[in-house]
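Protein chains get the first letters and strands the later ones, always in sequence-line order, with residue 1 at the start of each.
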Amino acid sequence: MEKERHVLVIFPHPDDEAFSVSGTLAIHREAGTPVTYLCLTLGEMGRNLGNPPFATRESLPKIRKKELIDAANAIGIEDLRMLGLRDKTIEFEDDEKLTSMFTDAINELNPSLIITFYPGYSVHPDHEATARAVVRAVERIEEKIRPKLQCVAFSNNCIDELGQPDIIHDITGIEDKKVAAITAHRSQTEAMVLDWKEKFENQDADFLEWIRKERLWTYKF
Amino acid sequence: MKPIERTEVQNAIDSFAGQDVYLHLETTNGAYATHVDEAFFSAGAYIRNAYIQYEHGKIIGDGPYRIGLKLNIGWVYAEGVNHFELDEQGRLLLAGLDFSGKLAVSMQLSPTPFE
Ligand SMILES: [Zn+2]
């Protein structure tokens with residue numbers, strides 16, 4: 001993996017980072033590269049409250065805030081910024097306000113790499129709105145000095161339309177940190193991770209491929 | 001939250017009647033429903049901190065329950081409600097959790113604005 005000056009990660013929900021690029025980010029951190037994570041919301045609208053429920057609509061954001069901090073610690077992220085927007089409202093925010101939030105962060109941090117979702121291919125309206133705003137912010141930077149923009153895509157049509165991802169990071173050897181990051185988001189992932197230990201023990205090929213390969217597409221302006 | 005106890009919920013509904021309260025009302029099938037099943041029609045609605053006053057309200061059914069509030073000039077209702085909590089801030093939090101425990105509907109009343 002190329003050594004970066006500074007990696008800026010921008011996602012709307014706690015746990016977006018864990019599934020998509022937590023291994024990649026952990027590798028950057030182990031190389032001593034600073035990583036800043038802008039997380040726009042606290043996932044207030046999450047539908048998982050535990051089964052039986054241990055959270056309510058009102059306590060969920062407080063729980064998820066703690067989980068996000070734990071996940072950032074598991075990855076080694078030292079600069080976690082919670083932007084205080086509200087889950088499922090990002091696309092209704094003022095577009096220019098979002099863009100300038102990201103422009104300000106880029107100007108402050110001077111990242112060599114920015115990671116977000118791929119607009120058009122990331123399913124959730126918050127992912128899409130975040131991605132569009134990041135693209136607008138990066139697009140405004142003069143091409144010569146523009147940071148790289150790498151995007152996460154997972155819509156059903158993403159391979160058909162974008163082709164295979166041009167960046168695949170094999171995070172073998174650092175899975176523990178990724179699993180710790182995902183597990184940290186307990187309210188959302190508790191049921192999902194139940195059989196993971198068994199899958200690791202059985203060397204489940206599909207599972208290992210899924211957890212070890214982090215796939216990104218370079219954004220085409 | 002715990003499974004609905006009808007009398008307790010009815011008493012809480014009665015205690016808020018005739019005074020100004022803040023309402024949170026939400027239905028959701030999740031933002032990924034159509035991603036998982038392209039034939040699924042995704043719909044939902046959300047209102048937070050509507051400032052209302054109702055004349056009376058009722059919880060009806062054998063569970064999951066329906067809850068309706070009669071306003072001076074309108075109505076609020078929710079169906080599929082099966083869990084509740086009276087929290088330390090004096091709020092009545094009602095929720096409908098689906099068969100896998102995921103939130104499908106939420107209806108909440110509070111004397112102070114929701115954060
Ligand atoms: Zn998300």
Side chain, backbone, both or neither: which part of [X] has a non-hydrogen atom closer than 4.5 Å to chain B?
X        : result
A:Pro125 : side chain
A:Ala55  : backbone
A:Phe154 : both

Discussion item. Tell me every residue that passes side-chain contact (heavy atoms from CB on, under 4.5 Å) with A:Ile27, counting only those two or more places apart in sequence or in another chain.
Written reply: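 Residues passing side-chain contact (heavy atoms from CB on, under 4.5 Å) with A:Ile27: A:Met1, A:Ile171, A:Ile174.
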
Worksheet item: Within a strict 4.5 Å, meaning less than it, do heavy atoms of the A:Ile115 and A:Ile10 side chains meet?
Response: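 Not in contact.
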
Worksheet entry | Side-chain touch B:Asp20/B:Tyr51, heavy atoms, less than 4.5 angstrom |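 Yes, close enough: below the 4.5 Å cut-off.
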
Worksheet item: Is the CZ atom of B:Phe114 crowded by more than 12 outside heavy atoms at less than 6.0 Å?
Response: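 Correct, the count exceeds 12.
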
Worksheet entry | Enclosure of A:Phe221 CZ (heavy-atom neighbours >12, cutoff 6.0 Å) |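 Yes - once you tally the heavy atoms of other residues, nucleotides and ligands closer than 6.0 Å, there are more than 12.
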
Worksheet entry | Distance-minimising heavy-atom pair for A:Val123 and B:Ala31 |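 Taking every non-hydrogen atom into account, CG1-O, 4.4 Å.
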
Worksheet item: Hey, is the main chain of B:Ile13 close enough, under 3.5 Å, to the side chain of B:Tyr54 for a donor-acceptor pair?
Response: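 Yes, B:Tyr54 side chain to B:Ile13 backbone: donor-acceptor pair under 3.5 Å.
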
Pairs table: donor-acceptor atoms between chain B and chain A closer than 3.5 Å:
| residue | atom | partner | partner atom | Å |
| --- | --- | --- | --- | --- |
| B:Glu26 | OE1 | A:Arg57 | NE | 2.7 |
| B:Glu26 | OE2 | A:Arg57 | NE | 3.2 |
| B:Glu26 | OE2 | A:Arg57 | NH2 | 2.8 |
| B:Asn29 | O | A:Arg47 | NH1 | 3.3 |
| B:His35 | O | A:Asn156 | ND2 | 3.1 |
| B:Glu38 | OE2 | A:Asn156 | ND2 | 2.9 |
| B:Tyr46 | OH | A:Arg86 | NE | 2.8 |
| B:Arg48 | NH1 | A:Glu58 | OE2 | 3.2 |
| B:Arg48 | NH2 | A:Glu58 | OE1 | 2.9 |
| B:Ser100 | O | A:Asn51 | ND2 | 3.3 |
| B:Leu103 | N | A:Arg47 | O | 2.7 |
| B:Leu103 | O | A:Arg47 | NE | 2.7 |
| B:Leu103 | O | A:Arg47 | NH2 | 3.1 |
| B:Gln108 | NE2 | A:Glu58 | OE2 | 2.5 |

